[in-house]
Amino acid sequence: MEHAGRGPAEKRRGKRCVVLSVAFVLLIIVILAVALGLTLRRNTDELRATFTARCEEFSGYDCQNIWDTFQQAYVGKDPCEVPVEAYDSLIAAAPFKPSCDRMMFWSKTKDVVHDFTEKRDCFLTLEDTLLGSVLNDLTWCGKEGSSETFTTGCPGWTDCENNPVRSFWNRASAAFADVACGDVTAMLNGSITTPFSPTSIFASIEVKRFNATRMRALNVVLVTQKNAVTNCTNASLKDLQKELDKGINYNCMEVAESQIKECGNDPEKPCGACW
Ligand SMILES: *[C@@H]1O[C@H](CO)[C@@H](O)[C@H](O)[C@H]1NC(C)=O
Ligand SMILES: *[C@@H]1O[C@H](CO)[C@@H](O)[C@H](O)[C@H]1NC(C)=O
Ligand SMILES: *[C@@H]1O[C@H](CO)[C@@H](O)[C@H](O)[C@H]1NC(C)=O
Ligand SMILES: *[C@H]1O[C@H](CO)[C@@H](O)[C@H](O)[C@@H]1NC(C)=O
């Protein structure tokens with residue numbers, strides 16, 4: 001009797017336990033799915049918020065349209081199959097305007113250049129333009145079969161050539177160099193052995209676009225630190241001079257990093273007088 005009476009009760013408890021376990025697992029799955037959905041949403045929303053806020057600092061642009069055009073370049077695509085041409089419509093939606101005699105290119109001197117251009121309203125880098133500034137230091141990519149934007153888990157700069165971030169900067173650099181006009185400045189790094197490196201964006205994309213019909217001169221500012229490694233006589237800079245479109249004058253100046261910083265702090269000094 002005892003035996004017979006315990007049997008069904010244990011079975012019921014067992015059944016209840018299974019039902020509770022299944023419910024619990026389902027609950028966990030639902031929570032995870034909601035969390036994942038929110039994370040994806042947040043990825044897209046955060047990038048959009050940053051993009052739009054930075055865009056709205058420039059007046060006279062339709063930032064919603066620029067965001068939509070931007071997304072069309074990579075959303076729903078394999079993040080290793082976004083070619084530079086994918087950004088053609090984006091460039092067309094917010095074209096670079098020529099700023100003759102004020103355009104500044106750089107290679108391996110990012111911090112010094114931007115520290116300087118932020119303080120002094122003399123020179124304009126790609127990162128000071130609308131498209132350059134809205135995407136500066138950001139990461140983004142899409143995924144096949146998804147309408148979301150991801151900001152993590154995206155391929156790195158060298159993981160594959162046609163990744164969304166690298167293709168954007170290559171396309172934007174080309175478009176910025178296409179409008180370079182008058183006297184153009186380039187800040188290169190005198191603390192490395194090859195200041196004009198063939199693999200840099202400056203050498204492989206920008207210099208090739210410089211055109212003598214618009215440009216009068218390229219002025220290289222070779223930024224030196226205490227123990228300068230190289231100077232204006234370096235062979236890589238001779239290569240740069242040779243690669244320039246015939247008719248563009250070339251100048252090179254060695255300028256101490258401390259002098260550039262000092263000049264950035266002295267708003268009274270005329271722009272051209274920094275070196
Ligand atoms: C030049 O490159 C070196 C080595 O990468 C770096 O430490 C230095 O800050 C760079 N100089 C400038 C002016 O950016
Ligand atoms: C410069 O522009 C002219 C006229 O648009 C063009 O014919 C020439 O091929 C260009 N040169 C370079 C080096 O891009
Ligand atoms: C430039 O550097 C080379 C060595 O790389 C040196 O022989 C030369 O004297 C330097 N020139 C100047 C003007 O400092
Ligand atoms: C600068 O230029 C050449 C060729 O482009 C480099 O290979 C050199 O090492 C050079 N640097 C110095 C410091 O001599």
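Values below: every heavy atom of this structure, side chains too, minus hydrogens, waters and symmetry copies. Order of appearance sets the numbers: ligands from 1, and atoms from 1 within every ligand.
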Inset, instruction - Apply the test side chain to side chain donor-acceptor pair (under 3.5 Å) to residues Lys110 and Asn189: give CA-CA distance (whole Å), side-chain angles for both, the deciding distance (0.1 Å), then the verdict. - result: CA-CA 10 Å; Lys110 187 170 185 175; Asn189 190 327; over 6 Å; no

Legend entry - Nearest-0.5 Å distance that lies between atom SG in Cys141 and atom NZ in Lys77: 13.0 Å

Inset, instruction - Could you verify whether a donor N or O on one side chain and an acceptor N or O on the other, from Asp128 and Thr125, lie under 3.5 Å apart? - result: yes

Legend entry - Which of the ligand 2 atoms, numbered from 1, are nearer than 4.0 Å to a heavy atom of Asn211: 1 (C), 2 (O), 3 (C), 8 (C), 10 (C), 11 (N), 12 (C), 14 (O)

Inset, instruction - Evaluate the criterion side chain to side chain donor-acceptor pair (under 3.5 Å) for residue pair Thr149 and Gln71; output intermediate values, then yes/no. - result: CA-CA 8 Å; Thr149 293; Gln71 281 201 303; 3.1 Å; yes

Inset, instruction - For Ile192, take its heavy atoms, then give the atoms of ligand 1 lying under 4.0 Å from any of them. - result: 2 (O)

Inset, instruction - Output, in order, the C-alpha distance, side-chain angles, deciding distance and verdict of side chain to side chain donor-acceptor pair (under 3.5 Å) for Gln225 and Ser191. - result: CA-CA 7 Å; Gln225 287 163 315; Ser191 302; 2.4 Å; yes

Legend entry - Audit row: Trp67, Leu47, side chain to side chain contact (heavy atoms under 4.5 Å, CB included) steps and yes/no: CA-CA 10 Å; Trp67 165 259; Leu47 191 75; 4.0 Å; yes

Legend entry - side chain to side chain donor-acceptor pair (under 3.5 Å) evaluation trace for Tyr74 with Ser167: CA-CA 10 Å; Tyr74 62 89; Ser167 290; over 6 Å; no

Legend entry - Note, Pro79 side chain near Cys154 side chain (heavy atom, < 4.5 Å): no

Legend entry - N or O contact, Arg209 vs ligand 2, cut-off under 3.5 Å: no

Inset, instruction - Classify the angle between the aromatic ring planes of Trp275 and Phe116 as parallel (below 30°), tilted (30 to 60°) or perpendicular (above 60°). - result: tilted

Legend entry - Close approach, Gln225 and ligand 1, non-hydrogen under 4.0 angstrom: yes

Inset, instruction - Check ligand 2 against Asp245 and write out every atom of the ligand that is under 4.0 Å from a heavy-atom position of the residue. - result: 11 (N), 13 (C)

Legend entry - Side chain, backbone, both or neither: the part of Lys110 lying under 4.0 Å from ligand 1 by heavy atom: neither

Inset, instruction - Work out whether the distance between some heavy atom of Asp111 and some atom of ligand 1 is less than 4.0 Å. - result: no

List ligand 3's nitrogen or oxygen atoms that come under 3.5 Å of a protein nitrogen or oxygen, with the partner atom and distance.
{"from": "ligand 3", "atom 1": "2 (O)", "to": "Asn231", "atom 2": "OD1", "distance (Å)": "3.4"}
{"from": "ligand 3", "atom 1": "2 (O)", "to": "Asn231", "atom 2": "ND2", "distance (Å)": "2.3"}
{"from": "ligand 3", "atom 1": "11 (N)", "to": "Asn231", "atom 2": "ND2", "distance (Å)": "2.9"}
{"from": "ligand 3", "atom 1": "14 (O)", "to": "Asn231", "atom 2": "ND2", "distance (Å)": "3.3"}

Inset, instruction - Can you sort out which atoms of ligand 1 are near Asn189, meaning under 4.0 Å from one of its heavy atoms? - result: 1 (C), 2 (O), 3 (C), 8 (C), 10 (C), 11 (N), 12 (C), 14 (O)

Legend entry - Pairs satisfying ring pair (Phe, Tyr, Trp, His ring centres under 6.0 Å), at least one member in residues 174-199, at least two apart: Phe96-Phe176, Phe105-Phe176, Phe196-Phe202

